[in-house]
Amino acid sequence: MYKIAVIPGDGTGPEVVREGLKVIESAADKFGFKYETKIFDFGGQRYLKTGKTVDDCDIKELQEYSAIFLGAIGHPEVKPGILETGILLKLRFALDQYINLRPVKLYNAEFCPLKGKNPQDIDFVVVRENSEGLYKGMGEFKDKGTKDEVAIQLSYNTRKGVERCVRYAFEFTRKRNKGRKLTLCGKTNVLTYAWDLWQRVFNEVAKDYPDIATDYAHVDATTMWFVKNPEWFDVIVTDNMFGDIITDLGAMIQGGMGIAAGGNINPQGVSMFEPIGGSAPKYTGQNVINPLAAICAAGMMLENLGELKAGKAIEDAVIKIAGTKLKSLAAGKMGYSTVEVGDLVVKHL
Ligand code: IPM
Ligand code: MN
């Protein structure tokens, strides 16, 4: 019996989560697994009412769950930063979800903004470090508000933190067994402390994986190649900030935020799965947002729980629908409503 914590969150989060849960229910029927859910009301609404984001008590409760399914966090009436650090980053850090796994896969050439690229050209995975780097929030102001002000923002990289991420990426590349190639994406030519450590750890760990080809690309060149030669990539490992940036570009070349899913993974603990896109306030309540990203996140969650067949079936159904039914992956342009897209996935499972 899986215990799934559900955080619908803000904006269109609840709408896409509803479709994700619909698909999980149908998959449970077909593949014979059992689960129960509990809804957690973290988000902008609750914050505006109570001033609460996520506290240690919430974390303790979540630790008892098999996985977390998250919609979106972000509210137009809450100052940027509060919900992001108080909810999303708090969950990632407190549950030590040190991997952010973001597959970039094109399901339909028509939805790709790149000329001449097909589904076989765009199929790679970014392993983003999810617990350190610039996201650690270390730094300070000096002489704040004066002409001589200095703002310092530090990137914090520990040997252990880098090594567990790099090791996960090598293991993942081996298990994926597609190109058997792992690319380190960094900036060794400028950020000479952090990326010196990353490069050394990467080279060392690589010795344990002689069956995996290795490569290195600067982050700026990586963005160029995402557009020019995305077929060069199999698995990419990178730090928190670079991973954040390149996966938005990754989402675009796979067809947009409507289809991009990710997992915040603690291989020994509680992992959390989410569509990469935000809360999309302007589409809230209109039944027009694309739920496929949330449905893909649900599929990743089931796969991570060990329900490999269910995960695969969900992905296959999404491929079918994105490949043949939808006019577009963008909100309001799909040719179907949010609820209808969820129904279509269930029908094709
Ligand atoms: C993401 C988001 C978050 C991040 C924000 C909302 C804090 O952009 O999941 O990529 O920067 O990690
Ligand atoms: Mn991001």
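As the structure lists them, so they are numbered: ligands from 1, and atoms in each ligand from 1.
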Atoms in ligand 1 flagged as close to Arg102, the criterion being non-hydrogen separation under 4.0 Å: 1 (C), 9 (O), 10 (O)
List every atom of ligand 1 that sits less than 4.0 Å from any heavy atom of Arg92, numbering the atoms from 1 in the order shown and giving each element. 1 (C), 4 (C), 9 (O), 12 (O)
Taking everything shown except Phe69 itself, do over 12 heavy atoms lie less than 6.0 Å from its CZ? yes
More than 12 heavy atoms of other residues, nucleotides or ligands under 6.0 Å from NZ of Lys347: yes or no? no
For [atom], what is the closest protein heavy atom, and at what distance to 0.1 Å?
atom: atom 11 (O) of ligand 1; result: Tyr135 OH, 2.6 Å
atom: atom 2 (C) of ligand 1; result: Asp244 OD1, 4.0 Å
atom: atom 5 (C) of ligand 1; result: Leu88 CD2, 4.2 Å

Classify the ring geometry of Phe124 against Phe233: parallel below 30°, tilted from 30° to 60°, perpendicular beyond 60°. tilted
Considering only N, O or S atoms of Asp244, the one closest to the Mn ion (ligand 2): OD1
Taking the six-membered ring for Trp and the full ring for Phe, Tyr or His, determine whether the centres of Phe42 and Tyr47 are under 6.0 Å apart. no
Pairs of nitrogen or oxygen atoms closer than 3.5 Å, one from Glu274 and one from ligand 1: do any exist? no
Flag, side chain of Thr183 to backbone of Tyr216, donor-acceptor distance under 3.5 Å: no
Do any heavy atoms of Met241 fall under 4.0 Å from ligand 1? no
According to ring pair (Phe, Tyr, Trp, His ring centres under 6.0 Å), does anything in residues 240-282 pair up with another residue at least two apart or in another chain? List the pairs. Trp195-Phe242
